[in-house]
Amino acid sequence: MNIRNFKHFLGEALRSIFKNRLMSIASVITVASCLLILALSYSVISNLDHMLSGLSNDLELSAFLDNDISDTEIDAIRDEILRIDHVVDIHFVSHQEAEERFQERFGDGNILRGLEGRNALPRSFDIRVNSVENQEFVKNNLDLLIGRGVTDVVFVEDVAESFVALSRGLQIGSITIIAFLSAVSAIIIMNTIKLTVNSRKNEINIMKYVGATDWFIRWPFIIEGVLIGLFGALLAVGVSLIAYTRVVGYEADIPLINFLTDFMPTSAIFAFLIPFCVLLGVAIGVVGSTISIRKHLFV
Amino acid sequence: MIYLDNVTKIYGNGAVGVKNISLDIKPGEFVFIVGSSGSGKSSLMKLLLKEREPTTGNIYINNTNITVLSHKEIPYLRRQMGVVFQDFRLLPNKTVYENVAFAMQVIGCSPREIRRSVPAVLAMVGLQRKAKAYPNQLSGGEQQRTALARAIVNKPPLLIADEPTGNLDPDTAWEIMEILDDINYMGTTIVLATHAKEIVDYMQKRVITIKNGNVLRDIEKGGYDDEY
């Protein structure tokens, strides 16, 4: 395709988009909706993965202690824990430290107001294990201490597994939704371009009789599909960029979110999302337009 | 120029288009294809344009067996032939000039070539003053002259015309035939399907009569035989 032809094809495509503008706008919005869901799913999954990698770097077990046991009993429990294979470190968390941690994490002291000095938060041991694979073994041994001064053992891996399951579920769900919406978008683009093809059936027919190649006929329709896909992608990227920036902006104001996750930077998310959405939008446009023009080329 | 070797076309519903037709049309000839409606004239034209494939037999145009051409090669075959239809088939949103230029544009001619060739061909068909008019501003004859200009602007060696005077009054039909005669005089082979007895009788060219898909008569110089 030379520049002269490209100008002709682009002009034809733009003319046609303008002529069927309502249908073109509908197609752009459909593509944008599909890609917006993709952007949303990708942002959530990426952040879940980010959280998981943070968790695996800091995998600890916590053994919560009965409020009624004495310091001597606590020391005995500590010795017993240290005797468990693979335990490399143990740290006692007093009532006061537990409260300090809570304040630190949730920022606002209002939740504990009125409970000061009542030892509302239990004492515990933070136990570090030499490797992630041995956490299960240590947890099983700690469980044997329940009822003997230990009330509960919290295994961060449980949380991690939940996150992994959630992340996988989201991945499968979003891939299904994306595939479905991509197909819907391609069909809508197909219908938009079919309108153009039908209104230009005569022209295509004449082009065939005077010796136009299939590609000469096809290009304006493909460019039309590409432009619709591209506009849809840019709209989706724009909306998701604004939304993500706002959510990340709320991070500093809402301590609970701050505790739950440390959001990935906008640049890291969109360095992938922008090219991917644009490519997928363009691909949807190309597929939709190629299918809609195909049967008209056999004259 | 055109050679049909025992060509048969039978459609999917069993209808016979043409049956065991063999023809040889030399370069520069002017050939009328005549016959009643449904005789097989249109089937023959469609086979020549490679719009339909023969069921059996081979068709050669310019020594190329077009029956074995792939879909991709068809545009290059069609660049060797101009086509004119009864219903003109002009683009309503393009001017006379643009309709003719369009035929050059789609085969990749440069704007310079287009600017040089289109006015010349419009002058040849007597439409130089109507270059900026749209098809709906033209008479039937002018529309057909535009279609003729479009068909010959790329200087094809072969012109196929399917009932080109079918929608025109007798006087206008004669104007078109005179232009076609001029085009033929300049060396273009013309194959023209028609019902116009007066024109065929007057012009005394080669006449091929088709009935029920068969060639009934093929005479070097003659008229329309009412018998068929």
Side-chain angles (χ1 to χ4, degrees), chain A residues 1-24 192-225 286 289-299, chain B residues 45-46 48-53 61 69-85 87-94 98-114 121 135 146-162:
Chain A
M1 187 189 348
N2 57 34
I3 293 173
R4 188 172 66 236
N5 281 345
F6 179 72
K7 272 162 75 179
H8 166 77
F9 298 149
L10 186 64
E12 291 290 325
L14 289 172
R15 239 192 309 279
S16 156
I17 287 176
F18 184 73
K19 201 174 162 193
N20 301 314
R21 50 192 172 277
L22 272 180
M23 202 61 195
S24 301
T192 308
I193 291 174
K194 260 185 192 163
L195 282 181
T196 318
V197 172
N198 280 334
S199 68
R200 292 177 59 196
K201 225 162 34 184
N202 226 356
E203 195 175 333
I204 294 171
N205 199 269
I206 293 164
M207 283 164 104
K208 292 296 292 181
Y209 282 121
V210 295
T213 58
D214 285 353
W215 276 107
F216 190 91
I217 298 169
R218 213 180 265 140
W219 271 120
F221 298 105
I222 289 182
I223 292 175
E224 186 180 342
V286 170
S289 54
T290 307
I291 293 172
S292 60
I293 180 75
R294 213 172 51 155
K295 75 169 185 184
H296 293 277
L297 294 174
F298 290 89
V299 176
Chain B
M45 298 309 234
K46 283 177 179 161
L48 292 177
L49 288 167
K50 203 169 163 66
E51 206 178 309
R52 297 278 184 273
E53 296 297 328
I61 292 181
L69 289 183
S70 68
H71 178 77
K72 275 186 181 173
E73 292 169 302
I74 296 175
Y76 303 98
L77 164 77
R78 289 189 179 154
R79 288 177 193 187
Q80 296 176 48
M81 47 176 95
V83 196
V84 181
F85 299 96
D87 56 359
F88 322 130
R89 299 197 192 175
L90 298 175
L91 297 170
N93 57 344
K94 290 191 193 290
E98 288 165 348
N99 263 287
V100 178
F102 181 68
M104 296 187 77
Q105 208 175 5
V106 300
I107 63 164
C109 293
S110 69
R112 200 174 164 189
E113 286 173 289
I114 293 172
V121 81
T146 309
L148 266 174
R150 185 183 61 196
I152 60 170
V153 72
N154 291 322
K155 301 179 182 72
L158 172 65
L159 181 69
I160 292 177
D162 193 3

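Worth knowing before you read on, the calculation uses all heavy atoms, side chains too, and leaves out hydrogens, waters and symmetry mates. Protein chains get the first letters and strands the later ones, always in sequence-line order, with residue 1 at the start of each.
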Is it the side chain or the backbone of Leu90(B) that comes within 4.5 Å of chain A heavy atoms, both, or neither?
->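 Contact with chain A: backbone only.
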Taking the side chain as every heavy atom from C-beta outward, state whether Arg150(B) and Phe88(B) have any pair of such atoms under 4.5 Å apart.
->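 Answer no - side chains too far apart.
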Heavy-atom side-chain proximity of His71(B) to Asp214(A) below 4.5 angstrom |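 Side chain of His71(B) against side chain of Asp214(A), heavy atoms only: contact under 4.5 Å found.
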Using non-hydrogen atoms and a limit below 4.5 Å, what part of residues 98-110 of chain B faces chain A?
->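 Under the 4.5 Å heavy-atom cut-off, Phe102(B), Ala103(B), Gln105(B), Val106(B), Ile107(B), Gly108(B), Cys109(B), Ser110(B) qualify.
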For [X], enumerate each residue passing the side chain to side chain donor-acceptor pair (under 3.5 Å) test, keeping only those at least two apart in sequence or located in another chain.
{"X": "Ser16(A)", "answer": "Thr196(A), Glu224(A)"}
{"X": "Glu12(A)", "answer": "Arg15(A), Arg200(A)"}
{"X": "Asp87(B)", "answer": "Arg89(B)"}

Is there a donor-acceptor pair closer than 3.5 Å between any side-chain N or O of Arg78(B) and the backbone N or O of Leu49(B)?
->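 Yes; at least one donor-acceptor contact below 3.5 Å.
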